[in-house]
Amino acid sequence: NIPTPKTISNVELVGQLKFPILIKPAEGTAGGLGIRKINRIEDLDKEIIPTENFILQEYIRGYDIDCNVLCKEGNILAFTIQKGICK
């Protein structure tokens, strides 16, 4: 039950999302590379690349934090917490 932004992979369902939205490559990216923000539905056609495999996701203002945990038999051995930096 972790809350997540509403996400779709079919542009025909874009009416289910509230703008602004993000176009995100479905694979092969790291650190936010290739992610584009779209403020209005009218701008969507200019940003869609027909050969691109992507997802559309509602934009949530804020920042992303990642937590990685290494466990053995239920005991935490090591962990990291990192916040992305904006360029």
Side-chain angles (χ1 to χ4, degrees):
N1 293 325
I2 298 173
T4 60
K6 190 167 194 176
T7 304
I8 60 172
S9 58
N10 183 339
V11 73
E12 294 175 9
L13 302 175
V14 73
Q16 297 178 8
L17 302 179
K18 295 178 186 174
F19 279 75
I21 65 169
L22 300 175
I23 298 177
K24 295 181 168 187
E27 56 189 40
T29 187
L33 295 176
I35 296 175
R36 302 177 310 275
K37 182 179 173 190
I38 309 300
N39 291 309
R40 307 174 315 141
I41 195 166
E42 295 83 10
D43 299 329
L44 187 59
D45 285 341
K46 292 183 275 184
E47 293 292 335
I48 296 292
I49 301 169
T51 58
E52 182 181 45
N53 188 12
F54 60 87
I55 60 171
L56 302 173
Q57 188 174 69
E58 287 182 344
Y59 174 78
I60 297 176
R61 186 176 177 187
Y63 54 87
D64 196 24
I65 294 179
D66 297 311
C67 178
N68 301 291
V69 182
L70 178 62
C71 299
K72 182 176 181 181
E73 298 177 359
N75 296 310
I76 297 174
L77 302 177
F79 68 92
T80 63
I81 300 173
Q82 55 272 344
K83 176 182 171 187
I85 56 172
C86 296
K87 296 177 183 175

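The residues of the chain are indexed from 1 along the displayed sequence.
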Quick check on Ile76: does its CD1 atom have over 12 non-hydrogen neighbours (other residues, nucleotides or ligands) under 6.0 Å away? no

Do Ile35 and Pro25 touch side chain to side chain, with heavy atoms closer than 4.5 Å? yes

Same apolar cluster: Ile81 and Leu70, side chain cutoff 4.5 Å: no

Point-to-point distance, once rounded to the nearest 0.5 Å, from OG1 of Thr7 to CD of Glu58: 8.0 Å

To the nearest 0.5 Å, what is the distance between OG1 on Thr4 and CD1 on Ile60? 8.0 Å

Quick one: side chains of residues 10-18, donor-acceptor pairs under 3.5 Å with protein atoms, not counting sequence neighbours, listed by atom name and distance.
from  : atom 1 : to    : atom 2 : distance (Å)
Asn10 : OD1    : Glu12 : N      : 2.9

Rounded to the nearest 0.5 Å, the OH atom of Tyr59 sits from the CD1 atom of Ile38 at a distance of 12.5 Å

Honestly curious: do Phe79 and Ile65 fall in one hydrophobic cluster under the side-chain, below-4.5 Å linking rule? yes

Report the distance from atom CZ of Arg36 to atom CG of Leu56, rounding to the nearest 0.5 Å. 9.5 Å

Spatial distance of atom CD1 (Ile23) from atom NZ (Lys37) [nearest 0.5 Å]: 13.0 Å

